[in-house]
Protein chains: 2
Amino acid sequence: MENMEKFLQKHNVKPTPQRMVIAQFVVNSKSHPTADQIFQGVAEQLPVALSRATVYNTLNTLVQAGALKEVYLESGPARYDANINDHHHFIDVKTGKVFDIDADKVKALAPELGAGFKVHHYSVTFFGESKAAD
Amino acid sequence: MENMEKFLQKHNVKPTPQRMVIAQFVVNSKSHPTADQIFQGVAEQLPVALSRATVYNTLNTLVQAGALKEVYLESGPARYDANINDHHHFIDVKTGKVFDIDADKVKALAPELGAGFKVHHYSVTFFGESKAAD
DNA sequence: TTCCAATATTAGAATAGCTCTAAAATTCGT
DNA sequence: ACGAATTTTAGAGCTATTCTAATATTGGAA
Ligand SMILES: [Mn+2]
Ligand SMILES: [Mn+2]
Ligand SMILES: [Zn+2]
Ligand SMILES: [Zn+2]
């Protein structure tokens with residue numbers, strides 16, 4: 001998926017220079033970058049000044065459009081993810097690195113992620129509707 | 001666990017009037033309140049002025065001491081939880097209400113929480129260490 | 001008991017993350 | 001080309017939290 005113009009059009013987002021470099025940066029990134037990291041990494045690539053507002057606007061637009069996911073891992077800023085498949089995340093508590101974990105791996109029961117991951121603990125957040133009183 | 005003085009002492013936190021009303025408020029609350037909700041609910045109960053800094057200081061102290069848990073559910077402010085057992089959370093997307101879900105219920109495989117909960121989706125965050133490259 | 005040192009609390013300033021505002025620039029159909 | 005609609009911009013504003021530095025409270029030694 002290398003052509004950003006097509007990528008944006010596919011999601012019905014008008015391609016602009018700002019949007020293309022921002023989307024490109026997130027797609028290239030495996031690290032679930034924050035808005036500020038995106039701003040830092042992208043500002044120099046543009047001939048004109050880039051506003052933080054544009055970064056936030058663009059990221060919100062792309063999340064709305066389903067082109068990116070916004071992910072809240074702990075406290076701190078939102079992070080952005082070009083992996084829009086159903087997946088969860090594994091955070092290495094030593095390095096802070098974030099790994100994508102396919103949803104199937106989790107359904108197949110939690111701590112069987114493979115030898116590379118030692119799980120200290122995990123937290124699950126459900127979203128839905130409840131009939132419970134309180 | 002009604003005596004806050006004992007509650008704080010058990011966790012090696014010096015009992016002060018501010019700490020007692022703050023801890024009491026969180027213990028009484030089932031709703032995972034934010035620092036600001038705690039501040040609002042507690043300020044009037046004290047004969048002296050209460051500073052927001054004291055609320056944050058106290059909550060951080062109690063989390064450090066293991067007397068409370070700090071929980072990040074979505075974006076927005078941290079929430080505080082007197083349930084220090086191993087548990088997860090269920091958020092009703094209609095009402096925003098937060099329910100405690102015992103960790104055993106989750107281990108016993110995800111969407112079997114009982115009839116009262118209709119799960120739209122859920123996200124799992126693992127914390128641990130990985131050997132994976134990137 | 002009165003000190004004193006340690007700790008806790010305070011109001012407000014500072015910082016971080018994000019959104020809003022209103023003006024300027026760009027785009028695009030005509 | 002023109003004008004309406006959209007996008008971008010700089011900076012102000014807002015929310016959540018921490019920091020600062022001064023004041024108040026505590027609890028143990030003298
Ligand atoms: Mn957002
Ligand atoms: Mn905290
Ligand atoms: Zn991801
Ligand atoms: Zn809870």
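Below, chain A is the first sequence line, B the second, and so on; all start at residue 1. Note: hydrogens, waters and symmetry copies are ignored here, and every other heavy atom, side chains too, is used.
The separation between A:Asn60 atom CG and D:dT7 atom C1' is 14 Å, rounded to whole Å. A:Gln37 has its CD atom 13 Å from the C1' atom of C:dG17, to the nearest Å. In this entry the distance linking CZ of A:Arg79 with P of C:dA16 reads 17 Å, nearest Å. Note: CG (B:Asp36) to P (D:dC14) measures 15 Å, nearest angstrom. Atom CZ in A:Phe39 sits about 15 Å away from atom P in C:dA16, given to the nearest Å. Rounded to an integer number of Å, the gap from A:Leu73 CG to C:dG17 P is 14 Å. C:dG17 atom P lies 14 Å from atom CD of A:Glu74, rounded to whole Å. Atoms CD (B:Glu70) and P (D:dT18) sit 7 Å apart, rounded to a whole Å.
In this structure, CE in B:Met4 is found 12.5 Å from CD1 in B:Ile22, a value given to the nearest 0.5 Å. Remark: B:Ser75 OG to A:Glu70 CD distance equals 7.0 Å, nearest 0.5 Å.
The phosphate of C:dT19 has neither OP1 nor OP2 within less than 4.0 Å of any side-chain N or O from A:Tyr56.
DNA chain C is contacted by B:Lys14, B:Thr16, B:Gln18, B:Arg19 of residues 11-23 of chain B, taking any non-hydrogen atom closer than 4.0 Å.
For B:Gly66 against B:Ile84, the heavy-atom pair with the smallest separation is O-CD1, 3.5 Å. The two atoms that bring A:Val13 and A:Ala65 nearest to each other are CG2-CB, 3.7 Å, heavy atoms only.
Projected onto DNA chain C by closest heavy-atom contact, A:Asn57 and B:Val48 fall at different nucleotides, the more 5' of which corresponds to B:Val48.
With sequence neighbours excluded, the residues forming a side-chain hydrogen bond (donor to acceptor under 3.5 Å, both in side chains) with A:Asp81 are A:His32, A:His87, A:His89, listed by chain and number. Looking at residues two or more places apart in sequence or on another chain, you find a side-chain hydrogen bond (donor to acceptor under 3.5 Å, both in side chains) between A:Ser29 and A:Ser31. Contacts of B:Asn12 classified as side-chain hydrogen bond (donor to acceptor under 3.5 Å, both in side chains), with partners at least two apart in sequence or in another chain: none.
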Can you give the donor-acceptor pairs under 3.5 Å from side chains of residues 37-46 of chain A to other protein atoms, not counting sequence neighbours?
unit_1  : atom_1 : unit_2  : atom_2 : d
A:Gln37 : OE1    : A:Thr34 : N      : 2.9
A:Gln40 : NE2    : A:Asp36 : OD2    : 3.4
A:Gln45 : NE2    : A:Gly41 : O      : 3.1

I'd like a table of atom pairs between the protein and nucleotides 11-14 of chain C - only N or O on both sides, under 3.5 Å - with the distance next to each one.
unit_1 : atom_1 : unit_2  : atom_2 : d
C:dA11 : N7     : B:Ser51 : OG     : 3.2

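The salt bridge (charged side-chain N to carboxylate O under 4.0 Å, His left out) analysis of residues 13-27 of chain B, with sequence neighbours excluded, yields no pairs.
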